[in-house]
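Here's the structure, in structure tokens; my notes come after.
All residue numbers in this chain count up from 1 along the given sequence.
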Amino acid sequence: MIVRSFKDIEGTDRHVRAKSGTWESKRIVLAKERVGFSLHETILYAGTETSMWYANHIEAVVCTKGEAELTDQETGKTYTITPGTMYLLDGHERHTLRVKEDFHCICVFNPPVTGREDHDENGVYPLLTEPEEV
């Protein structure tokens with residue numbers, strides 16, 4: 001059994017800040033836990049825009065605070081995301097979040113991330129893995 005809080009991981013290597021300066025993420029469950037998913041609390045900052053494409057992952061996102069406009073780059077359709085709204089990127093959709101007020105969300109990734117990922121020039125997280133245990 002693992003018990004930890006987001007507060008426990010503030011300022012550790014699990015507390016990741018994007019090179020772009022548009023978000024920070026507290027990654028409370030990672031690939032090294034070997035449970036088949038990772039779990040994060042992420043904050044995207046008001047007034048920012050982040051384009052992403054999880055070519056290697058499926059992501060589910062639940063907004064807990066704030067507001068953002070989500071655009072599906074595949075279809076051009078736009079959605080308003082507010083607390084209690086979930087979106088699931090089950091088709092590896094390219095998407096953009098335009099943040100109206102600090103956007104707090106809980107994210108689940110499959111396959112799990114290692115904690116070292118950041119978006120590349122295409123908005124993609126690389127598919128990193130943990131070494132096999134000996």
Side-chain angles (χ1 to χ4, degrees):
M1 179 185 298
I2 297 170
V3 177
R4 67 175 61 104
S5 73
F6 288 116
K7 186 145 185 70
D8 292 341
I9 62 175
E10 286 179 10
T12 71
D13 62 348
R14 289 174 178 261
H15 189 177
V16 177
R17 290 179 172 80
K19 289 179 225 149
S20 66
T22 62
W23 57 264
E24 66 180 87
S25 183
K26 296 175 191 161
R27 297 169 175 185
I28 200 162
V29 177
L30 291 170
K32 65 183 163 186
E33 274 82 53
R34 302 197 185 282
V35 296
F37 65 90
S38 58
L39 178 67
H40 320 170
E41 176 188 53
T42 300
I43 302 170
L44 292 100
Y45 306 125
T48 65
E49 181 176 309
T50 304
S51 293
M52 296 164 272
W53 174 35
Y54 295 117
N56 302 308
H57 299 84
I58 301 296
E59 182 192 29
V61 177
V62 177
C63 175
T64 59
K65 183 178 177 185
E67 181 178 342
E69 178 184 273
L70 171 69
T71 301
D72 180 339
Q73 298 301 335
E74 311 291 323
T75 66
K77 188 161 181 168
T78 298
Y79 306 86
T80 298
I81 309 297
T82 56
T85 305
M86 181 280 308
Y87 63 91
L88 177 65
L89 302 165
D90 59 338
H92 305 282
E93 297 86 355
R94 294 175 190 258
H95 60 289
T96 300
L97 269 177
R98 290 174 191 84
V99 183
K100 298 182 183 293
E101 62 180 75
D102 282 357
F103 185 79
H104 298 243
C105 56
I106 301 296
C107 309
V108 177
F109 280 84
N110 185 9
V113 302
T114 66
R116 302 182 306 270
E117 294 81 359
D118 197 349
H119 299 107
D120 69 12
E121 65 279 356
N122 296 310
V124 174
Y125 275 175
L127 185 56
L128 303 178
T129 58
E130 291 292 339
E132 291 297 319
E133 293 181 4
V134 185

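Salt bridge Glu33/Arg4: present, at least one basic N to carboxylate O contact under 4.0 Å.
A continuous path of ILVMFWY side-chain contacts below 4.5 Å connects Ile28 to Val108, so both sit in one hydrophobic cluster. Placement of Val99 and Tyr79 within a single hydrophobic cluster is found when ILVMFWY residues are connected by side-chain heavy-atom separations under 4.5 Å, directly or transitively. Note on Tyr54 and Leu44: same hydrophobic cluster, where clusters join Ile, Leu, Val, Met, Phe, Trp and Tyr whose side-chain heavy atoms are under 4.5 Å apart, directly or indirectly. Using a 4.5 Å cut-off between side-chain heavy atoms of Ile, Leu, Val, Met, Phe, Trp and Tyr, with links allowed through other members, Ile9 and Val35 fall into the same hydrophobic cluster.
Glu67 and Thr80 form no side-chain donor-acceptor contact under 3.5 Å, judged by distance and modelled atom types alone.
Rounding to the nearest 0.5 angstrom, the gap separating the CG atom in Asp102 from the OH atom in Tyr45 is 8.0 Å. Taken to the nearest 0.5 Å, the OG1 atom of Thr64 stands 6.5 Å off from the NE2 atom of His104. Between the OG1 atom in Thr96 and the CE atom in Met52 there is a gap of 7.0 Å [rounded to 0.5 Å]. A distance of 4.5 Å separates CD of Glu24 from CD1 of Ile43, quoted to the nearest 0.5 Å. In this structure, CG on Leu70 lies 8.0 Å from CZ on Phe103, to the nearest 0.5 angstrom. Atom OH of residue Tyr87 and atom NE2 of residue His95 lie 5.0 Å apart, to the nearest 0.5 angstrom.
Using a 4.5 Å heavy-atom cutoff, the side chains of Trp23 and Val16 are in contact. Taking 4.5 Å as the limit, some side-chain heavy atom of Val113 sits within range of a side-chain heavy atom of His40. With a 4.5 Å cut-off on side-chain heavy atoms, Leu97 and Thr48 do not count as touching. Side-chain contact between Arg14 and Leu30 is present, with heavy atoms from C-beta onward closer than 4.5 Å. For the pair Pro111 and His57, the minimum side-chain heavy-atom distance is below 4.5 Å.
Among all heavy-atom pairs drawn from Lys100 and Ala46, the shortest one is O-CB, 3.9 Å. Across every non-hydrogen atom of Gly66 and Pro83, the tightest pair is O-CD, 3.2 Å. Closest approach of Cys63 to Cys105, counting heavy atoms only: CA-CB, 4.1 Å.
Proximity of a side-chain donor or acceptor of Glu74 to a complementary backbone N or O of Arg94 within less than 3.5 Å is detected.
Applying the side chain to side chain contact (heavy atoms under 4.5 Å, CB included) criterion to Glu10, with sequence neighbours excluded, gives Lys7, His15, Lys26. In this structure Thr71 satisfies the side chain to side chain donor-acceptor pair (under 3.5 Å) test together with Thr78, Arg98, sequence neighbours excluded.
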- For Ile58 and Leu88, run side chain to side chain contact (heavy atoms under 4.5 Å, CB included): C-alpha distance rounded to whole Å, both residues' side-chain angles, the deciding distance at 0.1 Å, then the answer. CA-CA 8 Å; Ile58 301 296; Leu88 177 65; 4.0 Å; yes
